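Quick notes on the structure that follows.
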2 protein chains.
Amino acid sequence: MSSALRSYGDPCGIARALDLVGERWSLLVVRELVLGSKRFTDLKAGLTGASPNVLSQRLRELEAGGVVRRSSEGAATYELTDWGRELHPLLVQLGLWGARSSAKPKGPLSPDAMMVALESTFQPTRAATLRVSLELQLDEQRYAVRVDRGKMTVVRGAMPAPDVVIDTDVATLRKSVFGHDVEPQGVGMRGDVKRGRAFLKLFARPKPNPDA
Amino acid sequence: MSSALRSYGDPCGIARALDLVGERWSLLVVRELVLGSKRFTDLKAGLTGASPNVLSQRLRELEAGGVVRRSSEGAATYELTDWGRELHPLLVQLGLWGARSSAKPKGPLSPDAMMVALESTFQPTRAATLRVSLELQLDEQRYAVRVDRGKMTVVRGAMPAPDVVIDTDVATLRKSVFGHDVEPQGVGMRGDVKRGRAFLKLFARPKPNPDA
DNA sequence: CGGTATCCAAGCCGATACTG
DNA sequence: CAGTATCGGCTTGGATACCG
């Protein structure tokens, strides 16, 4: 039932990390939770291909490992522990590295994955002079985004009193941000449109790696 | 025979990274190579528990993915590509994170793993005033280490004209560096002993995480 | 030394069905 | 909604033996 998690039996920190988050799907579960807590069904929706069976087991393992915690409050939602949240910058780095892979699976990008991609490709130097708080509405998901002093923070949920609201979908945002089109198409904006457009220019398309 | 590598089929950068280095043992293979190239048998020795079977397959996959390359020169040794080498800082971070896990498998630490642990726990601020080049002899392995301007670099192999040579074994070095013993025991030094001892104080024991 | 061949056990995948 | 139970089919992983 509970299925003991197999270990590398290696005291090295890397092996110990992999004992906890190295199983298939584990790190993607963390990706799903890194922008905020989620419920089981939403996790499943974000992880196409993972059966409820495996997902449930991964959640139990991550919980046992102190990476994930069931939301103390009310309902059955999962969230990262403080320690689990420390994986955030690591995921961002890993995502940037992986984005330079030559293999590009076709398929839709989930809203959460898109937001992490924005974190990965954020260019602090371009943001030096921009300060904005905005809400990004992406396929029925909402993200509260703040850019200040060359830092960007993203959290799932509404942004109170944003300077600008951007309303779009993943495919469009992707093109607008990483595409060569200078003019954003199909990106709705309400509020301070000028800063909204400036925000869309803070990201750099990852360069393919040389080692094909 | 060639076994197509299974993919998450997710265009997200994290998933694409995991397509390449997310299989069991893959990231540990990278750990083995991150300090310099190695031969098949030495890889196997560093990865206790991995059968030659899987190791061979992982190497083929990593090679196909452009992460690892067979040494063009002469013999059958494996090395990281430039792109693969970009995983180095990520591994160091991951190792630090994992070292804070509450689960600590017993067993010997390999020399390479020990050196990566040193990279993980290196404290730049403590090294601000130290500049030293040294050779660390660890259980028949030699590492060329340089500390300069708050940076440390480690490469497997001999250091030409080192300021100091440190001769010890993994267990002893571990105690000396992470233990509370102020005085290093059983750590042999030849050359500039003063700077050798200073070097041993550049590292901090990882603090256990609060989320048991 | 540098792997491949073989075999077996365990785990995952995916579907479906079921329960509180 | 939030999972657990069950099941077949298949893929991996692990151990050992073996060969150039």
Side-chain angles (χ1 to χ4, degrees), chain A residues 1-10 15 18-29 32-33 36-64 68-79 105 107 140-141, chain B residues 1-10 15 18-29 32-33 37-65 68-79 105 107 140-141:
Chain A
M1 196 181 285
S2 50
S3 83
L5 42 151
R6 71 184 160 182
S7 162
Y8 285 105
D10 185 333
L18 293 175
D19 282 346
L20 291 168
V21 297
E23 291 293 327
R24 190 162 174 82
W25 296 109
S26 292
L27 218 45
L28 292 182
V29 169
E32 289 296 307
L33 293 177
S37 63
K38 268 192 177 178
R39 298 183 308 179
F40 189 87
T41 309
D42 297 322
L43 282 171
K44 194 165 55 122
L47 302 170
T48 50
S51 14
N53 204 348
V54 219
L55 180 53
S56 158
Q57 179 167 341
R58 288 300 167 268
L59 284 169
R60 262 180 277 135
E61 292 166 358
L62 289 170
E63 194 179 354
V68 159
R69 165 200 322 142
R70 291 168 113 87
S71 240
S72 46
E73 239 358 278
T77 75
Y78 297 89
E79 63 185 9
E140 312 306 309
Q141 285 286 350
Chain B
M1 192 183 290
S2 50
S3 81
L5 42 150
R6 73 181 157 185
S7 163
Y8 284 105
D10 185 334
L18 293 175
D19 282 345
L20 290 168
V21 297
E23 292 293 326
R24 192 164 172 80
W25 296 111
S26 293
L27 219 45
L28 292 182
V29 169
E32 289 295 307
L33 294 177
S37 62
K38 269 192 175 176
R39 297 183 309 180
F40 188 89
T41 309
D42 298 322
L43 283 171
K44 191 164 57 125
L47 303 170
T48 51
S51 17
N53 198 349
V54 261
L55 180 53
S56 156
Q57 179 168 342
R58 288 299 167 268
L59 285 169
R60 262 178 280 135
E61 292 166 359
L62 290 170
E63 194 180 355
V68 160
R69 163 200 323 140
R70 292 169 112 88
S71 241
S72 46
E73 239 358 278
T77 77
Y78 297 88
E79 62 185 12
E140 312 305 310
Q141 283 286 349

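No experiment lies behind these values; they were computed from the predicted model shown. Convention: sequence-line order gives letters A, B, ...; per-chain numbering from 1.
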Exercise. Measure from the side-chain heavy atoms of A:Ala76 and tell me the nearest of D:dG13, D:dA2, C:dG3.
Key: D:dA2
Quiz item: Taking OP1 and OP2 of C:dG11, is either one under 4.0 Å from a side-chain nitrogen or oxygen of B:Arg6?
Solution: no
Quiz item: Between B:Phe40 (CZ) and C:dT4 (C1'), how many Å, whole number?
Solution: 9 Å
Exercise. Find the distance between CZ (A:Arg60) and CG (A:Leu55) and round it off to the nearest 0.5 Å.
Key: 10.0 Å
Quiz item: Nearest to the side chain of A:Ser51, which nucleotide is it out of D:dT4, C:dG14, C:dC12?
Solution: C:dG14
Practice problem: Please report, rounded to the nearest Å, how far the C1' atom of D:dA15 is from the CG atom of B:Leu55. | Solution: 14 Å
Quiz item: Choosing from D:dG14, C:dC12, C:dT4, which nucleotide comes nearest the side chain of A:Arg24?
Solution: C:dC12
Practice problem: Describe, as an angle rounded to 10 degrees, how the axis at the first end of the helix from C:dC1-D:dG20 to C:dG20-D:dC1 is tilted relative to the axis at the last end, five pairs per end. | Solution: 40°
Quiz prompt | Selection from C:dG2, D:dC1, C:dC12 that lies nearest to any side-chain heavy atom of A:Thr41 | solution = D:dC1
Practice problem: Please determine, for the side chain of A:Arg39, which listed nucleotide (C:dC12, C:dG3, D:dC1) has the closest atom? | Solution: D:dC1
Quiz item: Looking at C:dT6, does its base get a donor-acceptor pair with the side chain of B:Asn53 below 3.5 Å?
Solution: yes
Quiz item: For the pair made of CZ in A:Arg60 and C1' in D:dT4, what is the distance, rounded to whole Å?
Solution: 8 Å
Practice problem: Please state whether the phosphate of C:dG3, meaning OP1 or OP2, lies under 4.0 angstrom from any side-chain nitrogen or oxygen of B:Tyr78. | Solution: yes
Exercise. To the nearest 0.5 angstrom, please state how far the OG atom of B:Ser37 sits from the CZ atom of B:Arg70.
Key: 13.0 Å
Quiz item: What integer distance in Å separates A:Arg70:CZ from D:dA2:P?
Solution: 11 Å
Self-check item: Short side-chain to backbone donor-acceptor contact, A:Arg58 and A:Arg24, under 3.5 Å
Solution: yes
Practice problem: Ignoring backbone atoms, test whether B:Trp25 places a side-chain nitrogen or oxygen under 4.0 Å from the OP1 or OP2 oxygen of D:dT12. | Solution: no
Quiz item: A:Asp42 pairs by salt bridge (Lys or Arg N to Asp or Glu O under 4.0 Å) with which of A:Lys38, A:Lys44, A:Arg39?
Solution: A:Arg39
Quiz item: Rounded to the nearest 0.5 Å, what separation is found between the CG atom of B:Leu62 and the CG atom of B:Leu27?
Solution: 9.0 Å
Quiz item: Angle class for the A:Trp25/B:Tyr8 ring planes (parallel below 30°, perpendicular above 60°, tilted otherwise)?
Solution: perpendicular
Quiz item: Going from OG on A:Ser71 to OH on A:Tyr78, what distance comes out if it is rounded to the nearest 0.5 angstrom?
Solution: 10.5 Å
List every contact pair, protein side and nucleotides 17-20 of chain C side both N or O, where the distance is under 3.5 Å.
none

Quiz item: Nearest to the side chain of A:Glu23 - C:dC12, C:dG2, D:dG3?
Solution: C:dC12
Quiz item: Does the pair A:Leu43 and A:Leu33 meet the rule for a side-chain contact (heavy atoms from CB on, under 4.5 Å), with working shown?
Solution: CA-CA 8 Å; A:Leu43 282 171; A:Leu33 293 177; 3.9 Å; yes
